[in-house]
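Encoded as structure tokens, the structure appears first; notes follow it.
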Amino acid sequence: GERGLRVLELGPGIGGLTNLLVEKYPMMHAVEIDRRMVEVLRDRHPTLDVMEGDAIQVNYASLAEQIGGAVCVIGNLPFYITSKILYSLINGAHTGSIY
């Protein structure tokens, strides 16, 4: 619902998954750590809200409050960082900011 307003992709990189998601959720959000990829994504998908930053450092409770409710998180992340991100998401789930 809401055209993807509460959808958040973590680490979209060059946008392989993003390209498909934006078709269904044009108002979605993304967090990307690589500044070059942030610019590519912003140019390619003007309706996508791309935040430059580290997915581990995101304050998911604050983000959920900003966009009006719990965030649906999607990502195709490298194995070596998955555990750290999952712990960060679990902390967000305790506040009701992740579903």
Side-chain angles (χ1 to χ4, degrees):
E2 302 156 13
R3 297 173 36 100
L5 187 58
R6 293 176 20 207
V7 173
L8 173 66
E9 183 182 6
L10 302 180
I14 62 171
L17 183 58
T18 314
N19 296 335
L20 299 171
L21 290 170
V22 166
E23 288 181 25
K24 184 164 182 153
Y25 308 111
M27 303 301 292
M28 65 180 271
H29 307 270
V31 176
E32 173 56 52
I33 200 166
D34 185 331
R35 176 172 296 188
R36 295 167 300 173
M37 293 299 101
V38 169
E39 294 307 317
V40 167
L41 291 164
R42 285 179 178 157
D43 288 344
R44 195 175 290 166
H45 303 291
T47 64
L48 177 67
D49 174 32
V50 185
M51 299 166 269
E52 182 180 344
D54 185 340
I56 296 170
Q57 303 299 320
V58 171
N59 182 332
Y60 292 101
S62 176
L63 179 61
E65 188 175 310
Q66 285 177 334
I67 63 176
V71 179
C72 177
V73 178
I74 299 170
N76 183 13
L77 302 164
F79 179 75
Y80 74 92
I81 198 159
T82 303
S83 294
K84 290 180 183 179
I85 290 177
L86 284 175
Y87 285 122
S88 182
L89 291 172
I90 289 168
N91 288 335
H94 289 290
T95 66
S97 56
I98 305 291
Y99 69 92

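Owing to the predicted nature of the structure, the values given are computational and were not obtained by experimental measurement.
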Just verifying a value: how many Å separate Q57 CD and N59 CG, rounded to the nearest 0.5 Å? 10.5 Å
First locate atom CG of L8, then atom CG of L21, and finally report the distance between them rounded to the nearest 0.5 Å. 11.0 Å
Taking the side chain as C-beta and beyond, is there a heavy-atom pair between N76 and E9 under 4.5 Å? no
Pairwise distance NE2(H29) to CG(L63) - rounded to 0.5 angstrom: 6.5 Å
Nearest heavy-atom neighbours spanning A55 and L10: CB-CD2, 4.0 Å
Same apolar cluster (I L V M F W Y, side chains within < 4.5 Å links), M51/I56: yes
Identify whether I81 and Y87 are in the same connected component of the hydrophobic contact network (ILVMFWY, side-chain heavy atoms under 4.5 Å). no
Minimum heavy-atom distance Y60-S88, with the two atoms named: CE1-OG, 3.4 Å
Let me confirm one number: the CG-CG distance from D34 to L41, rounded to the nearest 0.5 Å. 9.5 Å
Path from I85 to V58 over hydrophobic side-chain contacts below 4.5 Å: yes
Once you round to the nearest 0.5 Å, how far does SG of C72 lie from CG of L5? 12.5 Å
Is a donor on one side and an acceptor on the other found under 3.5 Å between the side chain of R44 and the backbone of I14? yes
Just wondering, are more than 12 heavy atoms of other shown residues or ligands nearer than 6.0 Å to CD in E39? yes
State the CG-OG1 distance between L48 and T18, to the nearest 0.5 angstrom. 6.5 Å
Check whether L17 and V40 end up in the same hydrophobic cluster, where Ile, Leu, Val, Met, Phe, Trp and Tyr are linked by side-chain heavy atoms less than 4.5 Å apart. no
Residues V50 and R42: closest non-hydrogen pair is O-NH2, 2.6 Å
Does E32 reach the main-chain N or O of G13 with its side chain, forming a donor-acceptor pair under 3.5 Å? yes
Find out if a path of hydrophobic residues (ILVMFWY) with successive side-chain heavy-atom gaps under 4.5 Å connects Y80 to L89. yes
